[in-house]
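Counting from 1, the numbers follow the sequence of the chain as shown. Heavy atoms only: backbone and side chains are in, while hydrogens, waters and symmetry mates are out.
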Amino acid sequence: MFGKKKTVPLISVCIPVFGTEKVLRRCLDSVVAQDFDALEVIVVDDASQGTDENGCSCQKIVKSVLKKAGVQFTYISHNVNLGIAETRRDGITWSRGKYIFFIDSDDFLGDSHYLSLLYETAEREGAEIVNSRALCHSDDPAGMGTVLQMKQIQMDQTVIGPINGDRAVFDSFLVEKKHLGYLWAKLIRRDLYAKAFDQIPCTFCTMGEDLLIYFFVSFFAKSYYGIEEKCYCYSVDDGISSEQMIDNLDRWHKVCTASGVFTVIFGYIQDHYDDFTVTERNTIRRIANGYLLNNLKQLRMAVVPEIQDEAYRLLCEMWGPEYVEAVEKAGKELDGAR
């Protein structure tokens with residue numbers, strides 16, 4: 001770990017990195033270009049082994065951009081891959097700002113006034129969460145076609161204006177689906193994140209981690225404010241998707257790690273059963289079923305035949321064989337009814 005410790009910042013920009021060195025400089029440059037001075041940058045390298053086009057590692061890229069720009073920063077490097085949830089936890093642990101802003105390392109900020117706008121809104125409205133819309137970006141927009149258009153429609157799903165009161169933010173996100181549960185494009189108070197992570201045990205996951213964290217963030221939140229601006233540029237080019245072929249069990253294991261997300265959430269609901277309505281409990285169960293059904297779809301369509309049997313056994317091990325059987329049966333009955 002190395003970094004600069006000057007004045008206490010108001011915003012901590014947290015950037016998890018794993019395998020995105022080729023586009024990391026673009027992300028960092030967009031943060032450095034912000035006109036908000038009272039910020040620090042926390043980069044958490046989750047044992048990434050990649051390099052950019054010049055052969056530079058994550059650490060070298062960070063030093064060349066942030067140190068040269070004179071930005072306060074901290075660089076943390078994991079010896080082993082811990083997954084995105086724990087990488088985000090480390091970013092919050094090392095941060096000092098009143099607010100946390102997560103940016104994924106393959107994304108970038110499209111307006112130099114963006115963080116200032118978020119901060120000014122949070123202070124003016126007294127909001128624990130300030131959420132903006134996002135602009136979908138692809139380095140090959142013609143090739144992405146319909147995917148890019150559909151993703152943009154999803155990104156536009158944001159409540160504009162205030163949401164206030166106990167459970168109002170939670171139900172807007174979970175039940176009413178009026179705003180998205182991604183952590184990026186949101187400025188969130190650090191103490192709210194800390195309260196959320198107090199409920200999350202160490203969890204390895206590369207899928208569903210935003211849902212896990214925002215489940216608790218929104219549950220404890222009492223104030224939210226949404227703004228129209230599309231200043232966050234979300235990249236649709238990378239990531240684990242059902243279109244990519246899976247030819248090894250290690251990659252398949254990562255695809256299925258959303259199972260751990262729901263283990264934590266269901267455990268919390270069970271321990272605080274009376275704190276949740278029937279609708280809330282049923283909604284999270286439907287979301288879990290959807291994740292598992294997607295895993296079953298990926299098993300059929302994306303896993304190479306040579307490892308499908310082993311992949312299915314691993315799926316059952318992670319989700320629980322009885323749960324897999326029940327959801328698989330319900331999925332087949334739904335397909336048959338169509």
Side-chain angles (χ1 to χ4, degrees), residues 3-17 20 23-44 61-62 65-75 87-88 91-137 155 158-162 179-194 210 213-214 217 221 223-235:
K4 295 186 174 184
K5 301 289 185 182
K6 295 182 180 178
T7 58
V8 177
L10 294 171
I11 295 178
S12 297
V13 178
C14 297
I15 309 175
V17 178
T20 51
V23 291
L24 176 59
R25 193 177 299 271
R26 178 181 66 184
C27 173
L28 295 173
D29 283 342
S30 74
V31 174
V32 168
Q34 292 296 299
D35 63 10
F36 188 85
D37 293 330
L39 64 79
E40 67 173 350
V41 180
I42 312 292
V43 178
V44 186
I61 297 168
V62 170
V65 175
L66 299 183
K67 190 173 184 179
K68 182 179 179 180
V71 175
Q72 295 187 66
F73 72 95
T74 300
Y75 175 85
T87 302
R88 293 197 190 281
I92 292 165
T93 298
W94 285 94
S95 66
R96 298 174 296 144
K98 179 179 180 180
Y99 298 95
I100 301 290
F101 180 82
F102 274 111
I103 176 172
D104 289 348
S105 52
D106 56 339
D107 299 340
F108 60 98
L109 308 181
D111 189 310
S112 62
H113 192 58
Y114 183 38
L115 294 181
S116 294
L117 176 62
L118 293 176
Y119 177 79
E120 290 162 3
T121 304
E123 292 291 292
R124 183 184 68 247
E125 302 296 336
E128 297 171 289
I129 302 170
V130 178
N131 189 188
S132 79
R133 286 176 171 161
L135 182 67
C136 286
H137 168 84
M155 294 300 103
T158 304
V159 174
I160 305 303
H179 75 277
L180 302 174
Y182 296 118
L183 299 183
W184 42 260
K186 289 182 175 70
L187 188 71
I188 298 178
R189 284 190 55 119
R190 186 187 186 280
D191 54 5
L192 187 57
Y193 266 126
D210 278 10
I213 299 167
Y214 198 67
V217 166
S223 57
Y224 161 110
Y225 199 91
I227 60 176
E228 292 269 8
E229 285 78 3
K230 297 180 183 179
C231 302
Y232 188 99
C233 298
Y234 172 81
S235 175

**Report entry** side-chain hydrogen bond (donor to acceptor under 3.5 Å, both in side chains) partners for S116, two or more places apart
**Finding:** D35
Query raised in the report: Will you find, in the side chains of Y224 and N131, an N or O donor that is under 3.5 Å from an N or O acceptor?
Result: yes
Query - S112 and Q34 side chains, donor-acceptor separation under 3.5 Å - result: no
Query raised in the report: Looking at side-chain heavy atoms only, is the closest gap between M155 and K230 below 4.5 Å?
Result: no
Requested in this report: Could you walk me through whether H137 and F108 pass ring pair (Phe, Tyr, Trp, His ring centres under 6.0 Å), step by step?
Outcome: CA-CA 9 Å; H137 168 84; F108 60 98; 5.0 Å; yes
Query - Check: L66 and V43 side chains under 4.5 Å, non-hydrogen atoms - result: yes
Report summary line: Exactly one of D104, I42, D107, I103 clears side chain to side chain contact (heavy atoms under 4.5 Å, CB included) with I15, and that residue is I103
**Report entry** Atom of V62, atom of L28 and distance for their closest heavy-atom approach
**Finding:** CA-CD1, 4.0 Å
Query raised in the report: Is the backbone of S223 close enough, under 3.5 Å, to the side chain of E128 for a donor and an acceptor to pair up by distance?
Result: yes
Query - Charged N-O contact under 4.0 Å between D210 and R88 - result: yes
Query raised in the report: Roughly how far, to the nearest 0.5 Å, is CG of D106 from SG of C233?
Result: 11.5 Å
Report task. For C27 and S30, work out which heavy atoms get closest and say how close. Result -> O-OG, 2.7 Å
Query raised in the report: Is the charged tip of K186 near the ring of Y99: under 6.0 Å from the six-membered ring centre and within 45° of its axis?
Result: no
Query - Criterion side chain to side chain contact (heavy atoms under 4.5 Å, CB included) on L109 and V31, from CA distance to verdict - result: CA-CA 7 Å; L109 308 181; V31 174; 4.3 Å; yes
Query raised in the report: Taking atom CG of L10 and atom OH of Y119, what is their separation to the nearest 0.5 Å?
Result: 4.0 Å
Query raised in the report: What are the two closest non-hydrogen atoms of I11 and L115, and how far apart are they?
Result: CD1-O, 3.9 Å
Query raised in the report: Can you find a side-chain donor-acceptor pair between S95 and R190 that sits under 3.5 Å?
Result: yes
Report task. Run through W184, Y193, Y114 and flag the one making a ring pair (Phe, Tyr, Trp, His ring centres under 6.0 Å) with F101. Result -> Y114
Requested in this report: Please tell me if the side chains of T158 and L180 come closer than 4.5 Å, counting only heavy atoms from C-beta onward.
Outcome: no
Report summary line: SG (C231) and CG (L118) are apart, to the nearest 0.5 Å, by 7.5 Å
Report task. Report the distance from atom CD1 of I227 to atom CD of E120, rounding to the nearest 0.5 Å. Result -> 10.0 Å
Requested in this report: Determine the minimum heavy-atom distance between E40 and S12, stating which atoms define it.
Outcome: OE2-OG, 2.5 Å
Query raised in the report: Does a side-chain heavy-atom distance below 4.5 Å link V71 with L39?
Result: yes
Query raised in the report: Taking C-beta and beyond as the side chain, do I129 and L187 meet within less than 4.5 Å on heavy atoms?
Result: no
Query raised in the report: Any salt bridge between E229 and R133, counting N to O under 4.0 Å?
Result: no
Report task. Measure up the Y214 and H179 rings against each other and bin them: parallel (under 30°), tilted (30 to 60°), perpendicular (over 60°). Result -> perpendicular
